[in-house]
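One-based numbering along the sequence shown.
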Amino acid sequence: MKLLIFVTGRGTGGDIVSAVNIKQCLEERDIESEIVLDPSAPGYYLKNHNINWIKSPIPAAGGHAATKSKLLKAGIKTVTSSIKAAHLIRKEHADGVIGSIGGGCVIGLLGAKLAHKPSVGIVLTPTDTRVSLKISPTVIMPESPVYTKDVKSNHDFIKEYLPIKRDIIDGNKDNILDKLPSTFDPNKKSVLFASGSTLFDDMAKAARRYAQENSDVNIFLIGSPLHEGINEIIDVPNIMYLGYIDYIKDLYDLIDLAIITDDGLTLHETMACQIPVVVVIGVKYGRYHGLSKVFDGAVLESHVDNISSVVNEALDNIDDMKKSASKYSKDILDSPSNLVDFVIDHME
């Protein structure tokens, strides 16, 4: 069996990481797969991991931040992009398609229909959810607006967590102690501020505010700045800014609490590692997914202006929150296998 995985985005963030994790799970079942990206995507994550990919137009509307005008522009391009996707599916002699998130989901599924091949959609935005439930078996992720609701569809569907790397829990803090700044104090609790691979303004501001108001905690901050001005925001003595790192597993083994965004792989990774979380609302273009309801008891919500009180509340109740996080760990770690089982069932 050979499958094509159509992926939205630039091939640099959580969308492509999820797709690669699915690809690896398929390979464990001896199923060949190829990733498809838009021709404009630089695919840095794939390059860094020596993974080849195929190019075909995948218009993007902006996911959860999509505006009506962006949706219209993407919609206009959908017809030609879907026809080209169908041509690619036939050319690659693919047996089926996985349409992964946003534009990748929509174009992949429509192209599969035109090529008369089976498909499965993986959804987490309003648009991809609507499309996939109408035309294809669907895997619904927690960020989808229907994840916590009753779902109606003429096709089979499951609700699953994002497919993380299952070895994320295997970190060892001893591996990175010599990489940490000299200001690190092993006798203090440690917190991590992160908004994914990219450091957004409001996460930088949250870290700054907390650092200015608290000096008895190790404060780590990671991510590549969205723009140069962020460097001024985080220029605070007791922020240990590590930049873009490749040792996140080991850092997870070190920290007591993660302060992150209300979305994405990072939240699932921390839950898998049984790390309690504070989510800072609206960091990424004002988006809000209410995932504290999905991970009840393990996640608290905060805004930038009340970050200190919420983070300290979490630290005061760290043991209870850790117990709550532990309830979700196994199901998250099982999610990649469950997802691939669902895909295989609907390709055969």
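- Applying the ring-ring contact (aromatic ring centres under 6.0 Å, His included) definition to pairs two or more places apart or across chains, none involves residues 78-116.
- Ile169 CD1 to Ile164 CD1: the interatomic distance, rounded to the nearest 0.5 Å, is 8.0 Å.
- His303 and Asp202 are not linked by any side-chain donor-acceptor pair at a separation below 3.5 angstrom, with hydrogens and angles left out of the test.
- Val20 and Phe6 fall into different hydrophobic clusters, where Ile, Leu, Val, Met, Phe, Trp and Tyr residues are linked whenever their side-chain heavy atoms come under 4.5 Å apart, directly or through other members.
- Here the closest heavy-atom approach between residue Thr198 and residue Leu226 is recorded as CG2-CD1, 3.8 Å.
- We find the CG-CD1 distance between Leu267 and Ile275 to be 11.0 Å, quoted to the nearest 0.5 Å.
- The two residues Pro118 and Ala112 have their closest heavy-atom pair at O-CB, 4.3 Å.
- Thr138 OG1 to Phe342 CZ: the interatomic distance, rounded to the nearest 0.5 Å, is 6.5 Å.
- In terms of modelled atom types and a separation under 3.5 Å, the side chain of Ser136 and the main chain of Ser119 share a donor-acceptor contact.
- One hydrophobic cluster, built from ILVMFWY side chains closer than 4.5 Å, holds both Ile168 and Ile260.
- Residues Tyr45 and Thr12 form no side-chain contact, since every pair of their non-hydrogen atoms from C-beta on lies 4.5 Å or further apart.
- Checking side-chain atoms of Asp262 against main-chain N and O of Val279 turns up no donor-acceptor pair under 3.5 Å.
- The structure places CD1 of Ile22 at 8.5 Å from OG of Ser335, a figure rounded to the nearest 0.5 Å.
- Residue pairs meeting the salt bridge (charged side-chain N to carboxylate O under 4.0 Å, His left out) criterion with at least one member in residues 80-106, sequence neighbours excluded, are Lys2-Glu92.
- For residues 327-339, the set of pairs meeting the salt bridge (charged side-chain N to carboxylate O under 4.0 Å, His left out) definition, not counting sequence neighbours, comprises Lys330-Asp334.
- Under a cut-off of 6.0 angstrom, the local environment of NZ in Lys179 is crowded, with over 12 non-hydrogen atoms contributed by other residues, nucleotides or ligands.
- At distances below 3.5 Å, not a single donor-acceptor pair connects side-chain atoms of Ser329 with backbone N or O atoms of Gln274.
- By the 4.5 Å heavy-atom criterion applied to side chains, Ile248 and Ile222 are counted as neighbours.
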Using side-chain contact (heavy atoms from CB on, under 4.5 Å), reason through Ile35 and Ile16 one step at a time and then give a plain yes or no.
CA-CA 9 Å; Ile35 289 176; Ile16 194 62; 3.9 Å; yes
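- Following chains of ILVMFWY side-chain contacts shorter than 4.5 Å, one cannot reach Ile89 starting from Val343, and the two form parts of different hydrophobic clusters.
- Contact check for Lys165 versus Gln24: side-chain heavy atoms found under the 4.5 Å cut-off.
- In this structure, the side chain of His49 does not engage the main chain of Ile51 through any donor-acceptor pair within 3.5 Å.
- When the side chain to side chain donor-acceptor pair (under 3.5 Å) test is applied to Ser40, the partners found at least two apart in sequence or on another chain are Asp38.
- Pairing each heavy atom of Ile107 with each of Ala85, the nearest pair is CG2-CB, 3.8 Å.
- The side chain to side chain donor-acceptor pair (under 3.5 Å) check on Thr266 picks up nothing, with sequence neighbours excluded.
- The side chain to side chain donor-acceptor pair (under 3.5 Å) test applied to Asp253 returns no partner, not counting sequence neighbours.
- Side chain to side chain, Ser302 and Asn306 meet the donor-acceptor criterion of an N or O pair below 3.5 Å.
- Taking 4.5 Å as the limit, every side-chain heavy atom of Val277 sits out of range of all side-chain heavy atoms of Leu257.
- Remark: Arg166 CZ is packed, more than 12 non-hydrogen atoms of other residues, nucleotides or ligands lying under 6.0 Å away.
- Enclosure of atom NZ in Lys117 by more than 12 non-hydrogen atoms of other residues, nucleotides or ligands within 6.0 angstrom is indicated.
- Transitive grouping of hydrophobic side chains (ILVMFWY, heavy atoms separated by less than 4.5 Å) keeps Val97 and Met1 in distinct clusters.
- Between atom SG of residue Cys273 and atom CE of residue Met271 there is a gap of 9.5 Å, rounded to the nearest 0.5 Å.
- Identified under the ring-ring contact (aromatic ring centres under 6.0 Å, His included) test for residues 239-273, with sequence neighbours left out: Tyr161-His268, His268-Phe295.
- Note that the OG atom of Ser309 and the CG atom of Leu300 stand 10.0 Å from one another [nearest 0.5 Å].
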Verdict with supporting geometry, Thr261 and Val280, side-chain contact (heavy atoms from CB on, under 4.5 Å)
CA-CA 5 Å; Thr261 56; Val280 185; 6.0 Å; no
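- Few gaps surround NZ on Lys188; more than 12 heavy atoms of other groups in view lie less than 6.0 Å from it.
- Two residues are said to be in side-chain contact when any heavy atoms from C-beta on lie closer than 4.5 Å; Val151 and Lys159 meet this criterion.
- Of all heavy-atom pairs spanning Leu221 and Leu192, the tightest one is N-CD1, 4.5 Å.
- Here Ser81 pairs with nothing under the side chain to side chain donor-acceptor pair (under 3.5 Å) rule; sequence neighbours left out.
- In this structure, Ile255 and Phe220 have side chains that are in contact, with non-hydrogen atoms separated by less than 4.5 Å.
- Within the structure, every pair that satisfies the side-chain hydrogen bond (donor to acceptor under 3.5 Å, both in side chains) test and touches residues 146-156, not counting sequence neighbours, is listed here: Asp156-His346.
- Hydrophobic clustering of Ile, Leu, Val, Met, Phe, Trp and Tyr side chains at less than 4.5 Å, counting indirect connections, keeps Ile5 apart from Leu88.
- Ion pairing of Lys23 with Glu32 is absent here, as no side-chain N (NZ or NE/NH1/NH2) approaches a carboxylate O to less than 4.0 Å.
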Worked check of side-chain contact (heavy atoms from CB on, under 4.5 Å) between Ile101 and Val123
CA-CA 5 Å; Ile101 304 173; Val123 304; over 6 Å; no
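- Applying the side-chain hydrogen bond (donor to acceptor under 3.5 Å, both in side chains) definition to pairs two or more places apart or across chains, those involving residues 205-226 are Ser190-Asn218, Tyr210-Asn312, Glu213-Ser308, Asn214-Ser308, Asn214-Asn312.
- Other members of the hydrophobic cluster containing Val131, listed by chain and number, are Val106, Leu109, Leu110, Ile135; membership follows side-chain contacts under 4.5 Å among ILVMFWY residues, whether direct or relayed.
- Considering every non-hydrogen atom in both Asp296 and Tyr328, the closest pair reads N-OH, 2.9 Å.
- Closest approach of Val36 and Lys55 over heavy atoms only: CG1-C, 4.5 Å.
- Counting only heavy atoms from C-beta outward, the side chains of Glu269 and Val17 never approach each other to under 4.5 Å.
- Between Cys25 and Arg29 the shortest side-chain heavy-atom distance does not fall below 4.5 Å.
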Leu242 vs Leu251, side-chain contact (heavy atoms from CB on, under 4.5 Å): CA-CA, chis, key distance, verdict
CA-CA 11 Å; Leu242 305 178; Leu251 190 57; 4.1 Å; yes
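- A donor-acceptor pair is defined here as one N or O able to donate and one able to accept, closer than 3.5 Å; no such pair exists between the side chain of Ser132 and the backbone of Asp128.
- Within the structure, every pair that satisfies the salt bridge (charged side-chain N to carboxylate O under 4.0 Å, His left out) test and touches residues 222-250, not counting sequence neighbours, is listed here: Asp167-Lys249.
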